[in-house]
Amino acid sequence: NQHKVLNLSMYLSLVLLLACAEDLECVPGFQQKVFYIEQPFEFTEDQPVLNLEFDDCKGNNKLNFEVSNPDFKVERDGSLVALKNISEAGRALFVHARSEHAEDMAEILIVGANEKHGALKEIFKIEGNLGIPRQKRAILATPILIPENQRPPFPRSVGKVISSEGTEGAKFRLSGKGVDQDPKGIFRINEISGDVSVTRALDREAIANYELEVEVTDISGKTIDGPVRLDISVIDQNDNRPMFKEGPYVGHVMEGSPTGTTVMRMTAFDADDSSTDNALLRYNILKQTPTKPSPNMFYIDPEKGDIVTVVSPVLLDRETMETPKYELVIEAKDMGGLDVGLTGTATATILIDDKNDHPPEFTKKEFQATVKEGVTGVIVNLTVGDRDDPATGAWRAVYTIINGNPGQSFEIHTNPQTNEGMLSVVKPLDYEISAFHTLLIKVENEDPLIPDIAYGPSSTATVQITVEDVNEGPVFHPNPMTVTKQENIPIGSVVLTVNATDPDTLQHQTIRYSVYKDPAGWLEINPTNGTIGTTAVLDRESPYVQNNIYTALFLAIDSGNPPATGTGTLHITLEDVNDNVPSLYPTLAKVCDDAKDLRVVVLGASDKDLHPNTDPFKFELSKQSGPEKLWRITKLNNTHAQVVLLQNLKKANYNIPISVTDSGKPPLTNNTELKLQVCSCKKSKMDCSATDALHISMTLILLSLFSLFCKSFPEL
């Protein structure tokens, strides 16, 4: 195939010859830096595409070419050829040339026919069929391509700006980012010749393109042409290694997974130009640890980075592996994986997850246990083995008693640390009822087994339990015991005869009784027959009686060696008897000697007994002596009465005899006195201090008169 190559340098040289007619000195590098070729149907193997001319101006010693696309190469004579038949080569090829004295980069743009003519028209305007370009402006500033990371010396010439105007004293001036704007001083222009040079190596990953402006000025600095845009593009070099930025990389795969199961994806990043092979990555597994059961357990897709299993499901067995964790050293290489590519590595950790493919099995078919009757707690630990992962529900055991526990006397729980089954007695066992118990226990996992695995005979076990006889204490029937008695029954009265039996029916033992706790000391018990009698009067109003109930404890002691004891509780409900007289309150009252309100006090009565031996109470005054009555008492309700003076009294102390009677059968009466102080009251102040000196006790007066009367008439 003959490829149409448009050599821009030829047009530019023609322009230079026509405009300036100058001879140019040798410039090291490619004599033409940009090529446009029309996309063929196919690049044919070993068929030249175009010729590249590189000259370092010193003989091209040790000249070497590198092509960005590995499907092409440059021969020693500069011919670009395809290494195989290629129908698609991308949009551009970059050729890097390096000798002892110079290096440069050429760009080959692959375009369709329409694209090629359109691109040319942006630079030149073609008239007729002359093929000679006519410039739109006097300044011609063609785009400049500069490889990044060029080596010294600097400054280095990278291009040339041409002006068709030959104004005397005219100068070129360059401006923009990279010249007089940050980063400053990267580019400069020879103000006379228009040569553009770069002062230091460029980094495409920092800045990929520079948009500068060039203009022509006169001697005074006034612009006479322009500004015209000058584009400088930095050509990528492979100067960045692939990097894995998203670690740590951890993947999981279930044991027994089919061959080809995707585990995880590894993705690396390359800062180079993504449109070139400099950032075209290929992945590879460098190392697998451990190497058993196969050194090639996994495969990585070289383009996508997907890690998949490549061994059979049988080999992917977690229980037979040295360890369920594999570490893969993954390499990412740019340049499509060619040897010249740069590399980066990362470690992928792959965990083989467990599935419940091994049922738990008892370590033996029968377990033995011995327990004393009456005791609760763990009696035996049942051990099992399970090959699954201890950190999962595929290993954790669940135990169930499936036979031999009708009374629910036993329970079994899993020890979370050891996975053992802890068999416990939760209801005390009775040797006399059954000396032996046989339990059938099964074990399963928290997680269900996989479909093709089932629980076998080893997942059940028998537990033989022997109950040991112990000397049990006698038991009172019933317990607690209750009885109702009247308070104040005669001393020596029988309260109750208790009954206690020995659970050890196979042992012939005698029982003796004793008092354990008798807070008030009212009771005794016959040690042989258990009859309880009174040793003191039972008083319902005693502080040892709560809510009419007196509580005492008794012991029943068998004749075993050592003897065993049982405790019985007796509750005596005491019925009330009218054995308490009512009490009166208050017992002191005060009144002013000139009081207008002669209602002295309201009296209340209370009784320790219970209804009906309490209210309604009857209030009465004892017979008053003297020519005229001084006070009276009036009932207010069942429990209260009011004392009223019938006239004002002189300042003195008076004792008013009062009787109060309850409603019991027979009723009880309390004869008492109310002390009344008649005080002087002035300016809202009550003064009772002199009442003792003026004390007049009606009771004492009556007694004195009665004594005097008896002495005067002894014969009466």
Side-chain angles (χ1 to χ4, degrees), residues 1-14 24 26-113 115-117 119-120 131 142-151 157-159 233 235-238 273 275-278 280 335-341:
N1 293 327
Q2 296 296 326
H3 305 298
K4 297 179 180 180
V5 180
L6 179 61
N7 190 325
L8 294 181
S9 298
M10 293 176 63
Y11 283 100
L12 295 179
S13 298
L14 178 60
L24 300 178
C26 178
V27 178
F30 281 105
Q31 301 308 299
Q32 178 180 342
K33 299 182 183 296
V34 180
F35 297 85
Y36 286 87
I37 63 173
E38 186 175 337
Q39 171 70 52
F41 175 76
E42 182 178 63
F43 291 99
T44 306
E45 182 178 358
D46 294 332
Q47 179 70 40
V49 177
L50 56 80
N51 288 323
L52 300 167
E53 184 179 352
F54 178 88
D55 188 356
D56 66 359
C57 301
K58 292 187 179 181
N60 287 348
N61 189 29
K62 295 184 179 180
L63 177 62
N64 181 52
F65 294 96
E66 292 181 359
V67 185
S68 62
N69 190 325
D71 294 329
F72 293 87
K73 72 174 181 178
V74 177
E75 300 288 0
R76 183 68 182 173
D77 62 359
S79 299
L80 176 68
V81 297
L83 297 177
K84 61 181 180 180
N85 294 337
I86 303 170
S87 59
E88 176 59 48
R91 302 283 293 179
L93 298 176
F94 295 95
V95 179
H96 181 219
R98 178 181 295 171
S99 70
E100 278 188 336
H101 303 287
E103 65 175 324
D104 201 359
M105 182 78 73
E107 181 180 19
I108 303 168
L109 302 176
I110 305 173
V111 297
E115 293 178 300
K116 179 187 69 174
H117 296 307
L120 290 174
T142 58
I144 298 174
L145 302 177
I146 306 175
E148 65 173 333
N149 303 324
Q150 287 182 314
R151 292 181 295 187
S157 179
V158 293
S233 298
I235 301 174
D236 186 43
Q237 284 191 328
N238 192 19
D273 189 350
S275 66
T276 69
D277 288 351
N278 294 337
L280 181 62
M335 295 302 293
L338 293 179
D339 292 341
V340 296

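Heads up: numbering here begins at 1 and tracks the sequence.
- The line from CD1 of I235 to CD of E148 is 10.0 Å long, rounded to the nearest 0.5 Å.
- Annotation for E75 and V81: closest pair OE2-CG2, 3.8 Å, computed over non-hydrogen atoms.
- Between N61 and S99 there is no side-chain heavy-atom pair separated by less than 4.5 Å.
- Between V95 and F72, the closest side-chain pair of non-hydrogen atoms is not below 4.5 Å.
- Closest approach of C57 and P28 over heavy atoms only: SG-N, 3.7 Å.
- Minimum heavy-atom separation, N238 to M335: ND2-CG, 3.2 Å.
- A distance of 8.0 Å separates CG in N69 from CD1 in I110, rounded to the nearest 0.5 Å.
- Contact of the L93 side chain with the L80 side chain is registered, since non-hydrogen atoms from C-beta on lie closer than 4.5 Å.
- Looking only at side-chain heavy atoms (C-beta outward), V74 and F54 stay at 4.5 Å or farther from each other.
- Two residues are said to be in side-chain contact when any heavy atoms from C-beta on lie closer than 4.5 Å; L63 and R76 meet this criterion.
- Qualifying ring-ring contact (aromatic ring centres under 6.0 Å, His included) partners for F65, counting only residues two or more places apart in sequence or in other chains: none.
- Considering only heavy atoms from C-beta on, Q32 stays 4.5 Å or farther from E53 through its side chain.
- The CG atom of D277 sits 10.5 Å away from the CZ atom of F94 when rounded to the nearest 0.5 Å.
- K58 approaches D55 most closely through the heavy-atom pair N-OD1, 4.3 Å.
- The CD atom of E103 sits 10.5 Å away from atom CZ of F30, with the distance rounded to the nearest 0.5 Å.
- Side-chain contact between D56 and E100 is absent, with no heavy atoms from C-beta onward closer than 4.5 Å.
- Interatomic distance, D273 CG to L280 CG, rounded to the nearest 0.5 Å: 11.5 Å.
- The nearest pair of heavy atoms linking Q237 to P147 is NE2-CB, 4.3 Å.
- For T276 against D236, the heavy-atom pair with the smallest separation is OG1-OD2, 3.6 Å.
- Between L145 and M105 there is no side-chain heavy-atom pair separated by less than 4.5 Å.
- Taken to the nearest 0.5 Å, the CZ atom of R98 stands 11.5 Å off from the CG atom of D104.
- Residues N51 and S79 bring a donor and an acceptor atom of their side chains to less than 3.5 Å of each other.
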